[in-house]
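Here's the structure we're looking at; comments come further down.
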Amino acid sequence: MNKYLDIAPEVAEALGEGRPVVALESTIISHGMPYPQNVETALNVEKILRENGAVPATIAIIGGRLKAGLTAEEIDYLGRTGSGVTKASRRDVPVLVAKKMDGATTVTTTMMIAAMAGIEIFATGGIGGVHRGAETTMDISADLEELAQTPVMVICAGAKSILDLGLTLEYLETKGVTVIGYGTKELPAFYTSRSGFGVDYELDTPEELAEAFHVKRELGLKGGMLVTNPIPEQYAMAPEVINAAIDQAVAESVEQGIRGKAATPFLLARVKELTGGDSLDSNIQLVYNNARLAAKTACALAALKRA
Ligand code: PSU
Ligand code: MN
(Lines give C-alpha, C1' and ligand atoms only; values in the text may rest on other atoms or scores of the structure.)
(Ligands and ions follow the chains in the order given, each with its own letter.)
Protein backbone atom coordinates (compact mmCIF):
# COMPACT_ATOMS: atom_id res chain seq x y z
CA MET A 1 0.00 0.00 0.00
CA ASN A 2 1.09 3.53 -0.89
CA LYS A 3 2.75 5.08 2.15
CA TYR A 4 1.41 8.54 1.36
CA LEU A 5 -2.21 7.38 1.10
CA ASP A 6 -4.83 7.31 3.90
CA ILE A 7 -7.97 5.37 3.09
CA ALA A 8 -10.78 6.12 5.56
CA PRO A 9 -11.69 2.98 7.57
CA GLU A 10 -15.23 2.76 6.16
CA VAL A 11 -13.89 3.07 2.60
CA ALA A 12 -11.13 0.51 3.18
CA GLU A 13 -13.63 -1.95 4.64
CA ALA A 14 -16.02 -1.56 1.69
CA LEU A 15 -13.20 -1.97 -0.84
CA GLY A 16 -11.92 -5.04 1.00
CA GLU A 17 -15.36 -6.64 0.81
CA GLY A 18 -15.93 -5.70 -2.85
CA ARG A 19 -18.75 -3.33 -1.96
CA PRO A 20 -19.51 -0.23 -4.08
CA VAL A 21 -17.48 2.93 -3.42
CA VAL A 22 -17.72 6.24 -5.30
CA ALA A 23 -15.00 8.92 -5.32
CA LEU A 24 -15.81 12.64 -5.13
CA GLU A 25 -13.55 15.61 -5.84
CA SER A 26 -12.75 18.56 -3.58
CA THR A 27 -11.92 21.41 -6.00
CA ILE A 28 -15.66 21.59 -6.63
CA ILE A 29 -15.96 22.32 -2.88
CA SER A 30 -13.15 24.88 -2.51
CA HIS A 31 -13.09 26.54 -5.93
CA GLY A 32 -16.30 25.49 -7.68
CA MET A 33 -19.02 26.82 -5.38
CA PRO A 34 -19.36 29.53 -2.71
CA TYR A 35 -19.54 28.84 1.03
CA PRO A 36 -21.79 27.58 2.61
CA GLN A 37 -23.55 25.96 -0.35
CA ASN A 38 -20.32 24.12 -1.20
CA VAL A 39 -20.20 22.28 2.14
CA GLU A 40 -23.92 21.65 2.18
CA THR A 41 -23.74 20.18 -1.34
CA ALA A 42 -20.69 18.04 -0.55
CA LEU A 43 -22.40 16.52 2.50
CA ASN A 44 -25.66 15.97 0.60
CA VAL A 45 -23.79 14.21 -2.20
CA GLU A 46 -22.31 11.80 0.32
CA LYS A 47 -25.79 11.17 1.69
CA ILE A 48 -27.21 10.52 -1.78
CA LEU A 49 -24.46 7.99 -2.47
CA ARG A 50 -25.27 6.14 0.75
CA GLU A 51 -29.02 6.17 0.02
CA ASN A 52 -28.20 4.56 -3.32
CA GLY A 53 -26.02 1.83 -1.87
CA ALA A 54 -22.48 3.19 -2.23
CA VAL A 55 -19.87 4.36 0.26
CA PRO A 56 -18.62 7.92 -0.45
CA ALA A 57 -14.90 8.69 -0.64
CA THR A 58 -14.35 12.43 -0.94
CA ILE A 59 -10.75 12.96 -1.98
CA ALA A 60 -8.28 15.71 -1.03
CA ILE A 61 -4.71 16.27 0.14
CA ILE A 62 -4.57 17.24 3.82
CA GLY A 63 -1.33 17.99 5.60
CA GLY A 64 0.48 16.26 2.75
CA ARG A 65 -1.54 13.04 3.09
CA LEU A 66 -3.46 11.75 0.09
CA LYS A 67 -6.93 11.15 1.52
CA ALA A 68 -9.61 8.80 0.17
CA GLY A 69 -12.55 9.55 2.44
CA LEU A 70 -12.86 12.75 4.47
CA THR A 71 -14.58 13.57 7.73
CA ALA A 72 -17.36 16.18 7.81
CA GLU A 73 -14.91 18.48 9.60
CA GLU A 74 -12.37 18.14 6.79
CA ILE A 75 -15.07 18.90 4.20
CA ASP A 76 -16.12 21.95 6.20
CA TYR A 77 -12.51 23.13 6.40
CA LEU A 78 -12.05 22.89 2.62
CA GLY A 79 -15.34 24.70 2.02
CA ARG A 80 -14.62 27.54 4.45
CA THR A 81 -11.07 28.04 3.27
CA GLY A 82 -12.21 28.13 -0.37
CA SER A 83 -9.60 29.43 -2.77
CA GLY A 84 -7.17 29.68 0.16
CA VAL A 85 -6.59 25.95 -0.41
CA THR A 86 -4.27 25.10 -3.31
CA LYS A 87 -6.14 23.82 -6.36
CA ALA A 88 -4.14 20.64 -6.85
CA SER A 89 -3.58 19.20 -10.29
CA ARG A 90 -1.10 16.42 -11.18
CA ARG A 91 1.90 18.75 -11.29
CA ASP A 92 1.20 20.01 -7.73
CA VAL A 93 1.16 16.66 -5.94
CA PRO A 94 4.89 16.07 -5.23
CA VAL A 95 5.48 19.44 -3.59
CA LEU A 96 2.21 19.47 -1.62
CA VAL A 97 3.03 16.03 -0.21
CA ALA A 98 6.70 16.80 0.47
CA LYS A 99 5.80 20.08 2.19
CA LYS A 100 2.83 18.55 4.06
CA MET A 101 0.45 21.06 2.55
CA ASP A 102 -3.26 20.94 1.75
CA GLY A 103 -4.69 20.59 -1.73
CA ALA A 104 -8.19 20.47 -3.17
CA THR A 105 -8.20 17.79 -5.82
CA THR A 106 -9.41 18.46 -9.36
CA VAL A 107 -10.81 15.73 -11.60
CA THR A 108 -7.20 14.87 -12.44
CA THR A 109 -5.90 14.35 -8.91
CA THR A 110 -9.14 12.80 -7.71
CA MET A 111 -8.76 10.16 -10.45
CA MET A 112 -5.12 9.60 -9.47
CA ILE A 113 -5.87 9.09 -5.77
CA ALA A 114 -9.02 7.06 -6.47
CA ALA A 115 -6.97 4.71 -8.64
CA MET A 116 -4.29 4.37 -5.95
CA ALA A 117 -7.02 3.43 -3.47
CA GLY A 118 -8.73 1.00 -5.87
CA ILE A 119 -11.87 3.09 -6.47
CA GLU A 120 -13.20 2.88 -10.02
CA ILE A 121 -16.23 5.19 -10.15
CA PHE A 122 -16.10 8.94 -9.61
CA ALA A 123 -18.98 11.44 -9.68
CA THR A 124 -18.61 15.17 -10.23
CA GLY A 125 -20.24 18.17 -11.93
CA GLY A 126 -18.16 19.09 -14.94
CA ILE A 127 -14.69 18.25 -16.21
CA GLY A 128 -12.02 20.59 -17.50
CA GLY A 129 -11.31 20.56 -21.22
CA VAL A 130 -9.92 22.54 -24.13
CA HIS A 131 -10.56 26.22 -23.45
CA ARG A 132 -11.90 28.57 -26.07
CA GLY A 133 -8.90 30.20 -27.73
CA ALA A 134 -6.65 27.24 -26.86
CA GLU A 135 -5.18 27.43 -30.37
CA THR A 136 -3.20 30.42 -29.05
CA THR A 137 -3.21 30.00 -25.23
CA MET A 138 -2.69 26.20 -25.23
CA ASP A 139 -4.98 26.06 -22.19
CA ILE A 140 -6.02 22.42 -22.17
CA SER A 141 -7.04 20.89 -18.84
CA ALA A 142 -4.89 18.12 -17.39
CA ASP A 143 -8.21 16.31 -16.83
CA LEU A 144 -8.14 15.13 -20.45
CA GLU A 145 -4.68 13.57 -20.10
CA GLU A 146 -5.73 11.88 -16.88
CA LEU A 147 -8.77 10.36 -18.57
CA ALA A 148 -6.36 8.96 -21.14
CA GLN A 149 -4.18 7.17 -18.59
CA THR A 150 -5.96 6.44 -15.30
CA PRO A 151 -8.54 3.66 -14.99
CA VAL A 152 -11.47 5.50 -13.40
CA MET A 153 -14.93 6.11 -14.82
CA VAL A 154 -15.86 9.79 -14.46
CA ILE A 155 -19.58 10.57 -14.38
CA CYS A 156 -20.24 14.24 -15.13
CA ALA A 157 -22.86 16.48 -16.74
CA GLY A 158 -20.74 17.09 -19.84
CA ALA A 159 -18.65 20.21 -20.16
CA LYS A 160 -19.55 23.85 -19.82
CA SER A 161 -19.37 26.06 -22.85
CA ILE A 162 -16.73 28.12 -21.04
CA LEU A 163 -14.79 25.46 -22.98
CA ASP A 164 -14.58 24.73 -26.68
CA LEU A 165 -16.74 21.61 -26.64
CA GLY A 166 -15.88 20.58 -30.20
CA LEU A 167 -12.13 20.71 -29.54
CA THR A 168 -12.59 18.95 -26.19
CA LEU A 169 -14.26 16.02 -27.98
CA GLU A 170 -11.51 15.98 -30.64
CA TYR A 171 -8.85 15.81 -27.94
CA LEU A 172 -10.62 12.96 -26.14
CA GLU A 173 -10.89 11.08 -29.43
CA THR A 174 -7.16 11.49 -30.10
CA LYS A 175 -6.38 10.24 -26.60
CA GLY A 176 -8.60 7.18 -26.99
CA VAL A 177 -11.10 8.10 -24.30
CA THR A 178 -14.54 6.54 -24.72
CA VAL A 179 -17.24 9.19 -24.30
CA ILE A 180 -20.69 7.88 -23.41
CA GLY A 181 -23.97 9.78 -23.35
CA TYR A 182 -26.29 8.51 -20.65
CA GLY A 183 -29.65 8.20 -22.37
CA THR A 184 -28.51 10.61 -25.09
CA LYS A 185 -26.47 10.73 -28.30
CA GLU A 186 -25.64 14.39 -27.72
CA LEU A 187 -22.99 15.80 -25.40
CA PRO A 188 -24.78 17.60 -22.55
CA ALA A 189 -23.50 21.14 -21.92
CA PHE A 190 -23.65 21.06 -18.12
CA TYR A 191 -26.39 23.73 -17.53
CA THR A 192 -28.35 22.48 -20.52
CA SER A 193 -28.94 18.97 -21.76
CA ARG A 194 -27.89 19.74 -25.34
CA SER A 195 -24.75 21.10 -26.97
CA GLY A 196 -25.22 20.26 -30.64
CA PHE A 197 -22.21 17.88 -30.50
CA GLY A 198 -22.68 14.14 -30.79
CA VAL A 199 -21.07 11.58 -28.44
CA ASP A 200 -19.65 8.20 -29.40
CA TYR A 201 -22.22 5.99 -27.69
CA GLU A 202 -25.54 6.17 -25.94
CA LEU A 203 -25.96 3.76 -23.03
CA ASP A 204 -29.18 3.71 -21.05
CA THR A 205 -28.71 1.83 -17.78
CA PRO A 206 -26.15 1.70 -14.93
CA GLU A 207 -25.66 -1.99 -15.81
CA GLU A 208 -24.59 -1.10 -19.35
CA LEU A 209 -22.14 1.51 -18.02
CA ALA A 210 -20.66 -0.99 -15.59
CA GLU A 211 -20.34 -3.62 -18.30
CA ALA A 212 -18.50 -1.27 -20.67
CA PHE A 213 -16.03 -0.36 -17.94
CA HIS A 214 -15.60 -3.98 -16.88
CA VAL A 215 -14.85 -5.04 -20.45
CA LYS A 216 -12.35 -2.20 -20.89
CA ARG A 217 -10.50 -3.42 -17.83
CA GLU A 218 -10.62 -7.08 -18.86
CA LEU A 219 -9.21 -6.13 -22.25
CA GLY A 220 -6.27 -4.54 -20.46
CA LEU A 221 -6.96 -1.13 -21.98
CA LYS A 222 -5.52 1.72 -19.97
CA GLY A 223 -7.28 4.96 -19.19
CA GLY A 224 -10.65 6.01 -17.92
CA MET A 225 -14.05 6.46 -19.45
CA LEU A 226 -16.23 9.54 -19.55
CA VAL A 227 -19.96 9.32 -18.90
CA THR A 228 -21.94 12.47 -19.65
CA ASN A 229 -25.28 12.59 -17.87
CA PRO A 230 -27.71 15.34 -18.92
CA ILE A 231 -29.03 17.72 -16.28
CA PRO A 232 -32.68 16.85 -15.49
CA GLU A 233 -34.90 19.07 -17.65
CA GLN A 234 -36.59 20.78 -14.68
CA TYR A 235 -33.25 22.15 -13.48
CA ALA A 236 -31.78 23.10 -16.88
CA MET A 237 -31.17 26.75 -17.68
CA ALA A 238 -32.49 28.69 -20.66
CA PRO A 239 -29.72 28.41 -23.30
CA GLU A 240 -29.87 32.16 -24.19
CA VAL A 241 -29.44 33.19 -20.55
CA ILE A 242 -26.56 30.88 -19.72
CA ASN A 243 -24.77 31.37 -23.05
CA ALA A 244 -24.87 35.18 -22.70
CA ALA A 245 -23.39 34.93 -19.18
CA ILE A 246 -20.67 32.54 -20.37
CA ASP A 247 -19.75 34.73 -23.35
CA GLN A 248 -19.43 37.76 -21.08
CA ALA A 249 -17.36 35.85 -18.50
CA VAL A 250 -15.00 34.55 -21.20
CA ALA A 251 -14.59 38.07 -22.67
CA GLU A 252 -13.78 39.47 -19.21
CA SER A 253 -11.23 36.74 -18.53
CA VAL A 254 -9.45 37.61 -21.79
CA GLU A 255 -9.54 41.37 -21.04
CA GLN A 256 -8.19 40.81 -17.53
CA GLY A 257 -5.53 38.37 -18.69
CA ILE A 258 -6.73 35.56 -16.39
CA ARG A 259 -4.57 32.53 -17.17
CA GLY A 260 -3.47 29.11 -16.01
CA LYS A 261 -5.16 27.43 -13.08
CA ALA A 262 -7.06 30.64 -12.26
CA ALA A 263 -9.05 30.56 -15.51
CA THR A 264 -11.67 27.94 -14.64
CA PRO A 265 -12.42 29.20 -11.08
CA PHE A 266 -12.72 32.77 -12.42
CA LEU A 267 -15.18 31.71 -15.12
CA LEU A 268 -17.26 29.60 -12.72
CA ALA A 269 -17.56 32.43 -10.20
CA ARG A 270 -18.34 35.05 -12.85
CA VAL A 271 -21.05 32.94 -14.49
CA LYS A 272 -22.62 32.45 -11.10
CA GLU A 273 -22.62 36.19 -10.39
CA LEU A 274 -24.00 37.08 -13.80
CA THR A 275 -26.90 34.64 -13.49
CA GLY A 276 -27.76 35.81 -10.00
CA GLY A 277 -27.31 32.40 -8.43
CA ASP A 278 -29.59 30.49 -10.83
CA SER A 279 -26.58 28.69 -12.26
CA LEU A 280 -25.58 27.56 -8.76
CA ASP A 281 -28.95 25.88 -8.23
CA SER A 282 -28.60 24.05 -11.55
CA ASN A 283 -25.02 23.13 -10.69
CA ILE A 284 -26.04 21.60 -7.35
CA GLN A 285 -28.90 19.59 -8.86
CA LEU A 286 -26.80 18.13 -11.66
CA VAL A 287 -24.18 16.99 -9.15
CA TYR A 288 -26.90 15.17 -7.17
CA ASN A 289 -28.12 13.59 -10.38
CA ASN A 290 -24.61 12.38 -11.21
CA ALA A 291 -24.15 11.01 -7.69
CA ARG A 292 -27.28 8.87 -8.04
CA LEU A 293 -26.10 7.43 -11.35
CA ALA A 294 -22.59 6.84 -10.01
CA ALA A 295 -23.87 4.95 -6.97
CA LYS A 296 -26.04 2.70 -9.13
CA THR A 297 -23.17 2.11 -11.55
CA ALA A 298 -20.82 1.24 -8.69
CA CYS A 299 -23.41 -1.27 -7.42
CA ALA A 300 -23.69 -2.81 -10.89
CA LEU A 301 -19.91 -2.99 -11.22
CA ALA A 302 -19.54 -4.66 -7.82
CA ALA A 303 -22.18 -7.23 -8.86
CA LEU A 304 -20.32 -7.93 -12.13
CA LYS A 305 -17.08 -8.56 -10.28
CA ARG A 306 -18.79 -10.99 -7.92
CA ALA A 307 -20.35 -12.88 -10.85
N1 PSU B 1 -15.86 22.57 -14.10
C2 PSU B 1 -16.95 22.79 -13.32
N3 PSU B 1 -16.78 22.82 -11.97
C4 PSU B 1 -15.57 22.63 -11.38
C5 PSU B 1 -14.44 22.37 -12.22
C6 PSU B 1 -14.64 22.35 -13.57
O7 PSU B 1 -18.02 22.96 -13.83
O8 PSU B 1 -15.48 22.68 -10.14
C9 PSU B 1 -13.12 22.09 -11.59
C10 PSU B 1 -12.84 20.59 -11.54
O11 PSU B 1 -12.13 20.29 -10.36
C12 PSU B 1 -11.96 20.37 -12.75
C13 PSU B 1 -11.13 21.62 -12.73
O14 PSU B 1 -11.14 19.22 -12.67
O15 PSU B 1 -12.06 22.65 -12.38
C16 PSU B 1 -10.47 21.92 -14.05
O17 PSU B 1 -9.59 22.98 -13.90
P18 PSU B 1 -8.63 23.37 -15.11
O19 PSU B 1 -9.56 23.88 -16.18
O20 PSU B 1 -7.75 24.44 -14.54
O21 PSU B 1 -7.93 22.12 -15.51
MN1 MN C 1 -6.05 25.24 -17.67
Side-chain angles (χ1 to χ4, degrees), residues 23-35 37-38 41-42 45 58-61 78-79 82-83 85-93 103-114 122-148 150 152 154-165 167-168 171-172 187-192 195 224 226 228-229 231 237 242 245-246 249-250 253-254 257-272 275 279-287 289-290:
L24 299 164
E25 63 156 305
S26 46
T27 290
I28 191 176
I29 305 175
S30 59
H31 294 70
M33 287 184 193
Y35 181 81
Q37 289 95 334
N38 53 2
T41 304
V45 169
T58 302
I59 288 180
I61 303 174
L78 292 170
S83 52
V85 180
T86 302
K87 173 179 161 189
S89 191
R90 177 174 269 272
R91 55 109 185 250
D92 302 288
V93 172
T105 52
T106 62
V107 168
T108 297
T109 36
T110 303
M111 289 180 75
M112 288 170 65
I113 297 170
F122 163 21
T124 188
I127 58 158
V130 180
H131 277 261
R132 296 200 208 167
E135 58 276 19
T136 51
T137 64
M138 291 188 66
D139 188 350
I140 299 173
S141 176
D143 293 353
L144 303 183
E145 295 292 331
E146 206 61 42
L147 280 162
T150 301
V152 172
V154 179
I155 300 186
C156 70
K160 291 194 172 79
S161 47
I162 58 172
L163 303 171
D164 186 317
L165 300 184
L167 292 186
T168 300
Y171 200 94
L172 289 167
L187 178 74
F190 198 85
Y191 299 113
T192 60
S195 66
L226 187 64
T228 63
N229 185 26
I231 184 170
M237 296 191 68
I242 191 63
I246 287 173
V250 170
S253 76
V254 173
I258 312 281
R259 275 189 291 270
K261 71 198 292 189
T264 296
F266 173 89
L267 293 168
L268 298 179
R270 230 13 224 135
V271 167
K272 196 221 124 208
T275 56
S279 65
L280 181 59
D281 297 337
S282 297
N283 198 341
I284 291 170
Q285 291 300 330
L286 65 83
V287 173
N289 190 49
N290 295 340

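Just so you know, ligand 1 is whichever comes first in the structure, and atom 1 is the first atom listed for that ligand. Here, residue 1 is the first one in the sequence, and each next residue gets the next number.
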Residues Gln37 and Thr41: side-chain donor-acceptor under 3.5 angstrom
no

Please list the nearest protein heavy atom to atom 15 (O) of ligand 1 with its residue and the distance rounded to 0.1 Å.
Thr264 CG2, 3.6 Å

When rounded to the nearest 0.5 angstrom, what is the spacing between CD in Glu25 and OG1 in Thr124?
3.5 Å

Heavy atoms, side chains only, cut-off 4.5 Å: are Ile162 and Arg132 in contact?
no

Please write down residue, atom name and distance for the protein heavy atom closest to atom 11 (O) of ligand 1.
Glu25 OE1, 2.6 Å

Geometric N/O contact Thr108 with ligand 1, under 3.5 angstrom:
no

Check each heavy atom of Thr106 against ligand 1 and say whether those closer than 4.0 Å belong to the side chain, the backbone, both or neither.
both

Check: Val107 N/O within less than 3.5 Å of ligand 1 N/O
yes

CE-CD distance between Met111 and Glu145, expressed to the nearest 0.5 angstrom
11.5 Å

Which atoms of ligand 1 are found less than 4.0 Å from any heavy atom of Thr27?
11 (O)

Enumerated ligand 1 atoms positioned under 4.0 Å from heavy atoms of His131
19 (O)

Per-atom contacts of ligand 1 with Phe190, taking only distances under 4.0 Å to non-hydrogen atoms:
7 (O)

Judging by distance only, is a nitrogen or oxygen of Lys261 under 3.5 angstrom from one on ligand 1?
no

Can you check whether Asn229 reaches Cys156 side chain to side chain, under 4.5 Å on heavy atoms?
no

How is the N/O/S atom of Asp139 that comes nearest to the Mn ion (ligand 2) named?
OD1

Do Ile29 and Thr58 come close enough that some side-chain heavy atom pair is under 4.5 Å?
yes

I want to confirm something. Looking only at heavy atoms, which of Val130, Leu268, Thr124 is nearest to atom 5 (C) of ligand 1?
Leu268

Closest non-hydrogen atoms of Ala123 and Leu24, given as atom of the first, atom of the second and distance, are O-CD2, 3.5 Å

Would you say Val107 and Glu146 make side-chain contact, with heavy atoms under 4.5 Å?
no

In the structure I gave you, are the side-chain heavy atoms of Lys272 and Asn283 within less than 4.5 Å of one another anywhere?
no

Should Met33 be listed as contacting ligand 1, given a heavy-atom distance under 4.0 Å as the test?
no

Distance from atom 21 (O) of ligand 1 to nearest protein heavy atom, with residue and atom:
Ser141 OG, 2.6 Å

Distance-minimising heavy-atom pair for Ala60 and Ile113
O-CD1, 4.3 Å

Ligand 1 to Asp143 polar contact by distance, N or O atoms, under 3.5 Å
yes

Tell me, which protein residue and heavy-atom name are nearest atom 6 (C) of ligand 1, and how many Å apart are they?
Gly126 O, 3.6 Å

When only distance counts, is Lys87 in polar contact with ligand 1, meaning an N/O pair under 3.5 Å?
yes

Would you say Thr275 and Ile242 make side-chain contact, with heavy atoms under 4.5 Å?
yes

Among protein heavy atoms, which sits nearest to atom 2 (C) of ligand 1, and what does the distance come to when rounded to 0.1 Å?
Lys160 NZ, 3.0 Å

